[in-house]
> 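Starting off with a structure, shown below.
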Amino acid sequence: MLVLFLLLGITTSTPSPAAADGGAVPVVNPFSYFCNSTAVRRTYLPNSTFAANLASLAAALPMNASISGGGFSAGVFGSPPDAAYGLVLCRGDYGGPACASCLESRFRDADSFCPYSSDVTVYHDQCQLRFSDRDFLAGAGAGGSNLPESVAWNMNNVSGRNAAAFDDLVVRLVGAVADAAGNAKGRYATGQAGFARERTNVYALAQCTPDLTPAQCRACLAGLIAQVPTWLKGRVGGRILGVRCDVRYENDLFFARTSDMVTLTPLVDTSKGQSPSS
Ligand SMILES: *[C@@H]1O[C@H](CO)[C@@H](O)[C@H](O)[C@H]1NC(C)=O
Ligand SMILES: *[C@@H]1O[C@H](CO)[C@@H](O)[C@H](O)[C@H]1NC(C)=O
Ligand SMILES: *[C@@H]1O[C@H](CO)[C@@H](O)[C@H](O)[C@H]1NC(C)=O
Ligand SMILES: *[C@@H]1O[C@H](CO)[C@@H](O)[C@H](O)[C@H]1NC(C)=O
């Protein structure tokens, strides 16, 4: 099941428009979406009760997330079989009105890319959402609720002789950042490490929905980190995203720097010489 979703993630994903992604592919927005059309695609009618519930959800969640939710909101409008369940999450450094407007755009993306689908997930650089006619909010820590997951990578590779050491550094950094995210109140943390052999730095982010306990968050992230060697071997950047938790690393700074960043190894001065991404 998991692998199937991951493969779908790849086919529906393209590298993000971030500068770190090499520029070799077209810029696509949103970065990744799922209409849940693989099994049985469930659709709703324009004038249905579900459509009205979904409209209420799409109005409430971005507001709640940006005003009181710290970038997160989850809830339900209506009751089965017409209930609309939803969850939204903004990246930890992306709050306030920018968060609300990012999420509003993602609800519009859902309309454009998955018209009348009653189960949609959209991932974007700064925010993400899922809504469904089924209750995917129950059992947040149980493990199944991170689906659908999405994987994407930077097209550039670390040179062969350094790849194993770089991959090892990435897994250690992402693991340390995941530990910090689990313990942080907002369940969001970032980190950095220098990789002197290639005169490059690596920056990483880990985030969970803040309603997860520290242990649930760490377990969700561990599930993603375990897949890093499978999908991101030798890549200078990559991400594995889920509805409940996300990890990402790049060789450019892609989030707001803060004083509490995890620093694993001293940063190197990338201003001299070639960085592998250039
Ligand atoms: C939806 O309802 C409006 C107002 O009742 C009606 O004019 C319209 O034709 C309906 N659309 C569909 C697709 O049923
Ligand atoms: C939005 O936030 C308000 C106030 O915190 C809360 O009462 C309400 O249940 C929230 N609604 C949703 C859909 O999250
Ligand atoms: C699609 O919906 C089914 C329920 O009908 C659910 O089990 C499955 O996880 C969903 N898949 C995705 C990719 O959202
Ligand atoms: C990176 O490595 C992958 C897998 O070996 C390869 O398919 C890809 O072409 C490489 N990318 C570049 C930019 O050389």
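In listed order, ligands and their atoms are each counted from 1.
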> Do C99 and C90 have their SG atoms less than 2.5 Å apart?
yes
> Decide, based on the SG atoms alone, whether C220 and C208 are under 2.5 Å apart.
no
> Please name all residues satisfying side-chain contact (heavy atoms from CB on, under 4.5 Å) with D111, sequence neighbours left out, ordered by chain then number.
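D111 satisfies side-chain contact (heavy atoms from CB on, under 4.5 Å) with Y44 once adjacent residues are dropped.
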> Going by an N to O cut-off under 4.0 Å, is there a salt bridge joining R130 and D119?
yes
> Look at R239 together with D125 and state whether they make a salt bridge at an N to O cut-off of under 4.0 Å.
yes
> If the threshold is 4.0 Å, N to carboxylate O, is there a salt bridge linking E104 and R106?
no
> Do any nitrogen or oxygen atoms of ligand 4 lie under 3.5 Å from a protein nitrogen or oxygen, and which ones?
| from | atom 1 | to | atom 2 | distance (Å) |
| --- | --- | --- | --- | --- |
| ligand 4 | 2 (O) | N157 | OD1 | 3.3 |
| ligand 4 | 2 (O) | N157 | ND2 | 2.4 |
| ligand 4 | 11 (N) | M155 | O | 3.1 |
| ligand 4 | 11 (N) | N157 | ND2 | 2.9 |

